[in-house]
2 protein chains.
Amino acid sequence: MPKVVDRQNRRRSVAEAIHRIAARGGLEEVSVRMVATEAGLSVGAVQRAFPTKNDLLRFALDTSVDEVAARFSRIRIGPELLTFAEGLRAVLVDLLPTDERRRAQIRIWAAYYARAAVDPEFAKVLADLDTRSRANLTAALTYARDQGELTSGQDIDALVELLMVIIDGLWLTCARLPEGTDLSGPRAAIDAAVALVSAR
Amino acid sequence: MPKVVDRQNRRRSVAEAIHRIAARGGLEEVSVRMVATEAGLSVGAVQRAFPTKNDLLRFALDTSVDEVAARFSRIRIGPELLTFAEGLRAVLVDLLPTDERRRAQIRIWAAYYARAAVDPEFAKVLADLDTRSRANLTAALTYARDQGELTSGQDIDALVELLMVIIDGLWLTCARLPEGTDLSGPRAAIDAAVALVSAR
DNA sequence: TTCGTATCGATACGAACGTATCAGAATCCG
DNA sequence: CGGATTCTGATACGTTCGTATCGATACGAA
């Protein structure tokens, strides 16, 4: 009977507006009014899509997590696919702010992590992503060990933890690089990490 | 002639108040009023110590950077001191949130990094710290190589970059651990990092 | 077409923010 | 001890925030 809007699309476009704002000035600059303007909507329209601001941020976080998870899962190692070393390098290189979208995402993630440090609800979302990442890394490392691609004498679980640390550290290190800085530093770190973990 | 207060002490105690607040609820919860209440001062007193809020946050950041730099510089490797492996482990273990002060500091740093991602002024402070850290790590790694303590065939500059990444990654990984989580994961990561970098 | 209802945009509201102001209290020097 | 001056704390101001409200609008079913 009544007018009906595509709620899902509405929410998606609002989430993108949030990310554009957050990429410019951090999560602190994200206000309902700003989001509405950025998305070309009225405040009321945004309010109907997301009753509270917390819903707004939660959805934006979920969206971002999904995007990163999807990017990761596209990189597959295995027979006739990538070797472990190639896959690890691909995952790490994919984190680098090589384009504007990635640069924006890194800024946003820095904000999310800061919030997760004091907001259990946000922490839980990231913890879930961690669980998935850990599982993926464990599988990859097990495969690598079976293929003899791994530096011997290392505990796989410990290596997984180290790789988690390196992944987080890599994008965080990039987060505070001034725009336009060349990425040779982070690239060297990736080289060193791959070299140390892979069999010589 | 006039009344005089110990400005330096005043500023220091205000900075500590900021850190207590930020440790609880992030940098977003730091307002001039809150800081005044937390420090047991009036708004006016805080305003005299720090004309604007930006001055407030800048000072708190500088204070925190100094504290971390001081902690680092207390760990010294060399003859009759620590071996490289011991020193590296000590530096990394020192980052873990093993007490309330460190836990608070990690939360605050997450907030600072998020801000640095969108605020060049903050980014510069952290970049300066990076420069110092890189120099220290380069010296340590050079010493380690000369002592034969280093995994051979690795470029020192690349290893420095990797260690920078690991350092950032380590505390960031800890930042989103729920309070009370045991630190066996991060500790395993430290073990793996030390084992991989040090000579076998 | 028309009626019911979901959507809309504008506006209102109270709270909190950073900052400015200013009369009085507190302090040190001559 | 008195007066010059800095410090103090309360209060005010103008914004901006998240959220609530509400008539107008637009659309699908009858």
Check your understanding: Among C:dT7, D:dG9, D:dT19, which is the nearest nucleotide to the side chain of A:Val43?
Key -> D:dT19
Practice item. Can you tell me the pairing partner of D:dT15 across any strand shown, Watson-Crick or G-U wobble, with both distances under 3.5 angstrom? Key: C:dA16
Check your understanding: Should the ring pair A:Tyr112 and A:Phe122 be called parallel, tilted or perpendicular, given that the plane angle runs from 0 to 90° and is split at 30 and 60?
Key -> tilted
Check your understanding: Can you tell which of C:dT7, C:dA12, C:dT21 lies closest to the side chain of B:Gln47?
Key -> C:dT21
Exercise for review: Grab the CE-P distance between B:Met34 and C:dG18 for me, whole Å please.
Suggested key: 11 Å
Distance-only donor-acceptor hits, side chain of residues 158-165 of chain A, under 3.5 Å, sequence neighbours excluded:
residue  : atom : partner  : partner atom : Å
A:Glu161 : OE1  : A:Arg134 : NH1          : 2.8
A:Glu161 : OE2  : A:Arg134 : NH1          : 2.8

Check your understanding: For the residue pair B:Trp171 and B:Trp109, does the interplanar ring angle fall in the parallel (under 30°), tilted (30 to 60°) or perpendicular (over 60°) class?
Key -> perpendicular
Exercise for review: Take the protein atom CG of A:Asp6 and the nucleotide atom P of C:dA6, then report the distance between them rounded to whole Å.
Suggested key: 17 Å
Review point. Is it true that a side-chain atom of A:Arg102 and a backbone atom of A:Pro97 form a donor plus acceptor pair closer than 3.5 Å?
Key: no
Exercise for review: Measure the distance from CZ on A:Arg58 to C1' on D:dG18 and round it to the nearest whole Å.
Suggested key: 19 Å
Exercise for review: Quickly work out the B:Arg11 CZ to D:dC7 P distance and round it to whole Å.
Suggested key: 13 Å
Exercise for review: Can you figure out which of C:dA12, D:dT8, C:dC8 approaches the side chain of A:Ala45 most closely?
Suggested key: C:dC8
Point to revise | Selection: residues 12-32 of chain A, any non-hydrogen atom under 4.0 Å of DNA chain D | key: A:Val30, A:Ser31, A:Val32
Review point. For A:Leu56 and D:dC17, what is the distance between atoms CG and P respectively, to the nearest whole Å?
Key: 13 Å
Check your understanding: Quick one: on DNA chain C, does A:Arg48 or B:Arg33 contact a more 5' nucleotide (nearest heavy atom)?
Key -> A:Arg48
Point to revise | Gap between atoms NZ and C1', on A:Lys53 and C:dA15 respectively (whole Å) | key: 14 Å
Check your understanding: Taking CG from A:Asp55 and P from D:dA20, how many angstroms apart are they, rounded to a whole number?
Key -> 11 Å
Check your understanding: Counting only N and O atoms by type, is there a donor-acceptor contact under 3.5 Å from the side chain of B:Thr151 to the main-chain atoms of B:Val197?
Key -> yes
Review point. How would you list, by chain and number, every residue that makes a salt bridge (charged side-chain N to carboxylate O under 4.0 Å, His left out) with B:Asp157, sequence neighbours excluded?
Key: none
**Study point:** Atom-to-atom span, CG of B:Asn54 to C1' of C:dT19 - whole angstrom
**Key:** 14 Å
Review point. Are A:Arg115 and A:Glu121 close enough for a salt bridge, meaning some N to O gap below 4.0 Å?
Key: no
